[in-house]
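Heads up: the structure comes next, in structure tokens.
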Amino acid sequence: MLIKVANGNIHTCLRHTRVLSPSLDLPQIYKPHLPRFQQTSQPLRMPAIDVGETSGENALEHGHTVRKSHSNPVIPAIKAFRAPQKPSSWATSRKLVQAIAEGSPLRGPEGRSKMAAPMVAKLGTLAGGICTRWKAWLPGLTQVRWSRYNPNFIEPEVNKEVYQKPLEQLSEEEKTAWDLKTVQPIKATPANVSSSVFYDPLISKFTSLMMKGGDKVLARSLINQTLETIKRKQIEKYHKADEKEKENIECNPYTIFHQALKNCEPVIGLVGVQKGGRTYQVPTPLTDSRRRFLAMKWMITECRENKHRRTLMPEKLSNELLEAFNNQGAVIKKKHELHKMAEANRAFAHFRWW
Amino acid sequence: MVGLFIIHGFLTLWSALQKGADHTEEHVGQYYSLPRQEVEEIFPHGLPARFKLQRKTFNETCFMVREPAIELISYLKRTNFSHPAVRYVIYGEKSTGKTMTLCHAIHYCARQNWFILHIPDAHLWVKNCKQLLPSTYNKDRFDQPLEASTWLKNFKTTNERFLKEIKTQQSYVWSKRESTAEGSPLGEVIDQGLTRVKNASDAVGVVLKELKQQCPQGTFRLLVAVDGVNSLWGQTTVKKQDKSEVAVEELTLIHNLRKMVANDWTGGAIVTTLSQTGAIYKPRKAYLPHELLGKKGFDALDPFVPIQVHNYTDREFESCYQYYLEQKWLQHEKASTNEGRLELRFLTGCNPGLLDRISSHL
């Protein structure tokens with residue numbers, strides 16, 4: 001889908017971004033299963049403070065139908081504890097973008113006066129949110145995955161220590177959160193999260209990236225062998241070293257893993273921006289998640305492609321991780337090259353408008 | 001010399017094994033370390049692969065004293081050398097420590113100056129055979145030169161001092177120009193087998209025959225240690241030229257070994273281990289003697305003394321856990337906490353092999 005922006009440039013949006021509102025545009029059969037006492041009018045609402053009118057059921061937003069809640073005594077309590085509304089309301093953003101595509105100017109007093117009164121009130125908030133919404137149409141910068149969960153759903157608590165705390169030691173906040181859990185629904189825990197004492201989210205992410213064909217067992221065993229190899233090498237080095245050097249040798253494979261990936265994370269990235277028929281590599285900041293992803297991706301690609309065919313993955317990975325821990329090796333070099341490219345292209349930095 | 005370390009309320013006692021020192025029930029769960037010279041001499045082959053890696057990483061060899069080993073050693077101490085050799089069969093579920101028990105017994109006997117005849121893994125002789133030659137001695141049988149020569153080399157390392165003393169009691173003719181005269185030391189037979197690899201299997205047969213004949217005379221005590229004895233009566237995956245399978249009896253090495261494991265000689269003991277891990281066409285969960293040996297094997301080994309090896313007891317588990325912590329093997333920051341210990345116990349079910357594998361990546 002192509003969108004024509006106000007300054008005349010055409011941007012390709014992500015084809016796989018599905019702008020759907022959970023309750024409106026879908027036919028009845030596709031509605032996610034919700035507990036009986038929950039109604040779905042909430043996610044489409046703008047934050048109550050910004051809307052000049054009542055946040056009751058009578059407000060009509062762009063033709064949204066508001067479903068009347070059943071007479072359930074629990075409902076008022078739920079409304080009070082409603083999770084804060086996210087500004088990215090998909091239906092409103094879709095309408096906005098359509099308005100943009102039609103060429104109607106949004107910004108400025110003329111645009112505002114032409115719009116309906118409720119729309120004007122919302123524009124104040126939308127103006128701040130416009131940038132975040134436009135980001136959704138730009139590749140690789142903002143979150144494209146959206147959750148099918150109603151925002152009322154709470155994140156699951158996997159940490160065992162939280163449940164072992166006796167009631168007296170909980171603070172007020174924790175007590176309210178605890179009471180909330182008795183009424184509000186909780187999201188299902190993803191399969192790769194565990195309550196084990198030895199669970200590490202970064203390792204879990206890395207195994208998912210390394211996995212091929214859904215074979216998580218194999219990926220996990222490779223990671224375990226890698227950690228074992230790193231540990232063996234370091235312990236052997238430790239036993240051979242002098243007394244003074246022994247303190248400096250790090251034997252914990254997990255610290256080595258974390259530090260190595262941290263050393264591989266780039267600080268600045270490059271994004272292709274089309275201007276005048278030519279694509280320029282524009283330096284741009286990267287989010288933490290993007291950096292982690294790039295570090296892991298580079299590590300895995302490097303080990304898969306640039307090594308000898310017959311060496312096994314644990315051996316290759318352990319060598320690369322140990323080198324990256326010491327700020328050496330091919331992945332660190334790749335990171336430095338990216339930094340140099342960004343530095344070289346810094347003249348194009350003003351092409352960035354986000 | 002005895003060193004005491006008290007950690008978390010548990011006592012980990014490391015004692016240097018003196019000559020003829022005994023390990024009794026008090027020492028169960030404790031580790032004793034072996035000097036490197038001895039290990040290279042007694043165990044050129046025979047230690048489990050994961051233990052070899054651990055030995056390389058920790059820079060030391062430490063055995064844990066466990067109950068089945070103590071029981072076996074106490075029987076070996078009380079052997080009556082005028083009676084026929086008693087057969088001991090160590091069995092148990094997977095990775096419970098059968099091979100390590102065998103190695104402990106071998107180490108004890110080596111310290112007592114017994115002659116050690118150690119076959120590290122009989123399963124390796126019945127599968128993955130790269131070279132199969134028809135036997136020169138007997139037309140029906142087949143030779144395995146590679147396996148025989150590797151075994152002879154390791155056997156020589158273990159028993160160097162005995163090989164000059166034991167003399168052959170008859171002459172052996174290897175080919176038109178080569179023969180070993182009567183009364184020559186056994187070392188010559190072994191050298192013959194190593195230089196002429198074609199005759200290696202026959203050299204092995206000669207060695208076994210000589211030892212069996214001379215042991216009743218009482219000049220030395222013989223310990224026959226076979227790991228994976230159930231392969232002697234199982235099936236092979238070795239194929240002849242015409243792709244038909246070779247029966248186990250048709251392999252020279254196995255044929256001679258079966259004679260060795262029979263209890264018709266005196267002056268020593270036979271310690272064997274049953275193992276499913278390398279066994280061919282045996283279900284994974286099988287560990288009992290009947291299941292692994294089959295009818296023929298059971299009848300051949302009957303009567304024997306069964307020794308079962310179990311998972312770690314609580315005390316042994318704690319000892320192993322402390323040992324890994326002291327050797328810096330458990331590096332995860334949560335592994336040294338109480339929750340980590342309980343989780344390890346749950347994950348491994350106190351199985352020694354699993355504990356080793358899981359703590360490798362922690």
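Letters go in sequence order (proteins before strands), and every chain restarts at 1.
Heavy-atom proximity under 4.5 angstrom to chain A picks out nothing from residues 273-283 of chain B. Of all residues spanning residues 42-58 of chain B, those with a heavy atom less than 4.5 Å away from chain A's heavy atoms are Arg50(B), Leu53(B), Gln54(B), Lys56(B), Thr57(B), Phe58(B), arranged by number.
Interface remark: Lys233(A) contributes no atoms to any contact with chain B (heavy atom separation under 4.5 Å). Only the side chain of Glu161(A) comes within contact range of chain B, with at least one heavy atom under 4.5 Å from a heavy atom of that chain.
Distance CG/Leu330(B) to CZ/Phe198(A): 7.5 Å, rounded to 0.5 Å. In this structure, the separation between CD1 on Ile230(A) and CD on Gln331(B) is 11.5 Å, given to the nearest 0.5 Å. Atom-to-atom distance recorded for Ser360(B):OG and Gln225(A):CD is 10.0 Å, nearest 0.5 angstrom. To the nearest 0.5 Å, atoms NZ (Lys334(B)) and OG (Ser196(A)) are separated by 10.0 Å.
Counting non-hydrogen atoms of neighbouring residues, nucleotides and ligands closer than 6.0 angstrom, the NZ atom of Lys181(A) exceeds 12 such neighbours. Within a 6.0 Å sphere centred on NZ of Lys205(A), other residues, nucleotides and ligands contribute 12 heavy atoms or fewer. Within a 6.0 Å sphere centred on CZ of Arg36(B), other residues, nucleotides and ligands contribute 12 heavy atoms or fewer. For Lys216(A), the NZ atom is densely surrounded, since the number of other residues' heavy atoms within 6.0 Å is greater than 12. No more than 12 heavy atoms of other residues, nucleotides or ligands shown are found within 6.0 angstrom of CZ on Phe346(B). In the displayed structure, Lys237(A) atom NZ is contacted under 6.0 Å by at most 12 heavy atoms of other residues, nucleotides or ligands. When the shell of 6.0 Å around NZ of Lys297(A) is examined, it contains 12 or fewer heavy atoms from other residues, nucleotides or ligands. Atom CZ of Arg345(B) has more than 12 heavy atoms from other residues, nucleotides or ligands within 6.0 Å.
Among all heavy-atom pairs drawn from Val197(A) and His332(B), the shortest one is O-CE1, 4.1 Å. Taking all atoms of both residues into account, the shortest heavy-atom contact from Ser359(B) to Lys231(A) is O-NZ, 2.9 Å.
Every pair tested for ring-ring contact (aromatic ring centres under 6.0 Å, His included) that includes a residue from residues 284-314 of chain A fails, sequence neighbours excluded, so the list is empty. Residue pairs that meet the side chain to side chain donor-acceptor pair (under 3.5 Å) test with at least one member in residues 242-257 of chain A, sequence neighbours left out, are Glu250(A)-Thr255(A).
Of the possible polar contacts, none joining the Lys328(B) side chain to the Ile235(A) backbone as a donor-acceptor pair under 3.5 Å is found. At distances below 3.5 Å, not a single donor-acceptor pair connects side-chain atoms of Glu228(A) with backbone N or O atoms of His361(B).
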